[in-house]
Each structure stands twice: as C-alpha cells, then as structure tokens.
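In this text the structure is predicted, and so the values were computed from the model without any measurement. Order of the sequence lines fixes the chain letters, A, B, ..., with proteins taken first and strands second; residue numbering starts at 1 for each chain.
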There are 2 protein chains.
Amino acid sequence: MTDKKQRILDSALKLFAQEGYSAVSTNRIAQDASVSEGLIFKHFDNKEGLLLALKEKAELRIHEIYAYLSEKKNPIHVIESFIDIPFTIDPSEYDFWRLQFMLKWDNRYYMPDKMDNIKNLLTESFHELNYEFPREEAEALDHMIESISIGILRDGMDRHKKQRNFLKKKYKISIASI
Amino acid sequence: MTDKKQRILDSALKLFAQEGYSAVSTNRIAQDASVSEGLIFKHFDNKEGLLLALKEKAELRIHEIYAYLSEKKNPIHVIESFIDIPFTIDPSEYDFWRLQFMLKWDNRYYMPDKMDNIKNLLTESFHELNYEFPREEAEALDHMIESISIGILRDGMDRHKKQRNFLKKKYKISIASI
DNA sequence: CATAAAAGTGAGTACTCACTTACTAAGTTA
DNA sequence: TAACTTAGTAAGTGAGTACTCACTTTTATG
C-alpha cells in the first residue's frame, strides 16, 4: 500500500461517511487527497472499487470483534463485552463505522448480516445463564446496542454513557452505580 | 394538489427511498412520473424542495403518533402502544419511513430528535410504574423500537414478529404466549 | 547501470446533472 | 370575451460526472 493509495482511501472514507457515496465525486476525492484523479482509477478500477475496498476492511473488523468475544469463557463476560463495544470504539474510527451503517440502507451493498455469528454467540450465552427466551433476549440486546451505536456515531459518546451501566445492571453484571 | 404534482412526489419518494437522494436525478423522477422535467421545478423550485416537501409530511406523521400515545391514560397502555408502532406501519408506508431513517445520516436534513416528546412520555410512564431508572428504561425501549423499525423497513415484518410479544412480556403487559 | 514494471499525471472524452427559457393550453375571474 | 394566472412542455444551458489515454517519473531487480 503506497502512501498516495492510502490517502485516497482516507479521503474517500471521510467524504463518503460525511456526505454519502453518491454525493461525492472522484474529483473531490482526488483533490482532498492531493492526488491526480487518474490515480484513483489506476488503483481501484472505478468509483465502486473504492467503496468495495472500504467494505473489505469492515468485514475484517467485524470478524475481529467476533473473535474477541468468542474467546471469552464466561457468558457474563460475553454479554458485558458486547455491551461495551460501542463505547470502546475510538472516535478516529467513527467515519469508518458511520459508512458501514449508511450502507445498510443501500441494497446494492448491504450484506445480510455479517453480525449473525455474534448474535448466535449472545444467544448461547443467554442460554447458559438459563434465560427463558435466549434467542429473543439476544436480539433485544443486539437491537439496543445497534441503536446506541447509531446514536453515538451521530452525536458522540457523552449523551449515551449512562446507558452502558444501566444495561450492565439490567443484565446483572457487577459494577459501580449508574 | 394537482394529479401530476402528486405523481412527482410519489415517484420522488419511491426513488429516494430505494436509492438515496443524491443517487436519483430529477430526470429519472420526471420519467417515472411521466411528466416533463421542467414541471418539477415549477412546483418545487429545486431538487431540495422536493425533499423538503416529503419531510414536512413526516413531521406531521410523527406528531400524529405522539398525539395518539399521549391520549392514553394508563402508562401500561402507552408502553404497549409504543411497542406496537413498528408492527402497525402499513407496508405501503415503508418507503416513506425508510427515507426518514436514511436522512438521519445526512447532517443537512437531520433534525435533532423530533421523537424527544415521545421519549418523555415513555419516561413518565415508567416513572408512574415505579421503575428505578425511568429515563434509562425509556431510552432502552426507544432504542429497541428504533432498531426493530430499521429491521422491519429493511427486510419486512415477518422476521421480527416474535420480538413484539417478547417485549410485551418483558414489560409485563398481559397477552398470549410468545 | 539497464530495463521493465509500477506509480503517478493532466488533459481530454462522452455523457449526465440540476436547472432555465420560451413557449402553449387550459382554466379563472372581471 | 378579454385579461390574467396557472399547469404543463420541449429544447436547451453550462457545469460537473466517471472514466480513459498518452505520457513521465519513480522504484525495484537481475
């Protein structure tokens, strides 16, 4: 990965995440990255290639998260770590995740849930803890975390911090006060 | 509202919801509505005017929902009706709501939550029911309903039906089995 | 060092974009 | 019925679009 190729990806990610894929021209990406427009096509064939390159990274990251969760032995720890996910994203990665969430609305690039593995892990965990409806419990928690993630990506982490401890309390994970 | 003006709005809504605002040209809208392109600008000034017309409707609908919830006297009924919301949307309105959710990612058109009134109503309800953290409880439920709504808009209602009764059970609303 | 491949440029290309203009047809009202 | 407004059209407009191509510069390797 050359320096300029990386800069193209950085600029594309930033602009796509801020304004949407269709609203950003290859010209603007080139300018933002201080690179000739032609270079984009040398490296990524076409505009869509740029987007696909960004999506590949996302799949890797999701798999990393899954791997991290699945090595936990205690089901309580799986649930706790899952709740922690949106609160441990580094703000420098917000653009990256924002783009992934935006793409979920685009049928062309929406992949029917890569997160399913993680949901299964949660279901198992709730099952081990003898919850009555582990599948539904997992979906409910997943929904909350998805929605909290969206909130954080849209207006920062501060407004959502309270939810973290509240949820942990709800799932009887021992920690400090709310 | 003339027939052609309505057809322009219908086509714009459909195409914006399916492919995103920026990805749809006024030319395509005109063709889809079987209308001259110029007429769009006669009626709505510019492309953005089209979007704003669609957004106005959304604000009205959200207020209707709020009014409907706020006339419930029993807090249990407020919560139950809130859970019901995504399951009672008519599929013919999916495009309409899909567009609203998509626009939440667009800083230019995102209005810091028109849903706040509804969240306050939920908080009051949980308070009346003596929940320990009514505010957080309301946010959690709101998050779940938002995320379920997104799921329904993306891949239909069937996959999410179980969640409805599960949630009602969780909030001790008397109904049949899950 | 010679050479070939890869990285990078910038001026083009055909086409699409949102929007305008000049116009006609169909009401509506005085 | 004459004057005026509104609905509607078709053919533009210049700016911007994704992408190409002929070319130069840099980098790696035998």
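Going from atom CG of B/Asn27 over to atom C1' of D/dA15 covers 17 Å, rounded to whole Å. A straight line from CD1 of B/Ile8 to C1' of C/dA18 spans 15 Å, rounded to a whole angstrom. In this entry the distance linking CE of B/Met1 with P of D/dA7 reads 11 Å, nearest Å. Spacing between atom NZ of A/Lys4 and atom C1' of D/dT24 amounts to 13 Å, rounded to whole angstrom units. The CD1 atom of A/Ile40 sits 16 Å away from the C1' atom of C/dA11 (whole-angstrom rounding). Between B/Ile29 atom CD1 and C/dC19 atom P there is a gap of 11 Å when expressed in whole angstrom units. A straight line from CD of A/Glu37 to P of D/dT17 spans 9 Å, rounded to a whole angstrom. A straight line from CG of B/Asp3 to P of D/dT9 spans 11 Å, rounded to a whole angstrom.
One finds no side-chain N or O of A/His43 lying less than 4.0 angstrom from the OP1 or OP2 phosphate oxygen of C/dA6. Checking the phosphate oxygens (OP1, OP2) of D/dG16, no side-chain nitrogen or oxygen of A/Ser25 falls inside 4.0 Å. Residue A/Lys47 places at least one side-chain N or O closer than 4.0 Å to OP1 or OP2 of D/dA18. At the phosphate of C/dG8, neither OP1 nor OP2 sits under 4.0 Å from any side-chain N or O atom of A/Lys42.
When distances run from any side-chain atom of A/Ser36 to the nucleotides D/dG8, C/dT9, D/dA18, the shortest one goes to C/dT9.
When atom types are taken as modelled, the side chain of A/Tyr21 and the backbone of A/Glu48 share a donor-acceptor pair closer than 3.5 angstrom.
Using cut-offs of 30° and 60° on the angle between ring planes, the pair A/Trp105 and B/Phe101 is parallel. Aromatic ring pairs are classed by plane angle as parallel below 30°, tilted from 30° to 60° and perpendicular above 60°; the pair B/Phe133 and A/Phe166 is perpendicular. Ring-plane geometry between B/His143 and A/His160 is classed as tilted, the angle between the planes lying from 30 to 60 degrees on a 0 to 90 degree scale.
Each of B/Phe41 and A/Ser34 lies near DNA chain C, and the nucleotide nearest A/Ser34 is the one positioned closer to the 5' end. If A/Asp45 and A/Arg28 are placed on DNA chain D by their nearest nucleotide, the residue sitting closer to the 5' end is A/Arg28.
For B/Glu93 and B/Arg61, the salt-bridge test passes: some basic side-chain N is under 4.0 Å from an acidic carboxylate O.
Contacts of B/Thr2 with the nucleic acid, taken as non-hydrogen atoms under 4.0 Å apart, involve only primed sugar atoms and P, OP1 or OP2.
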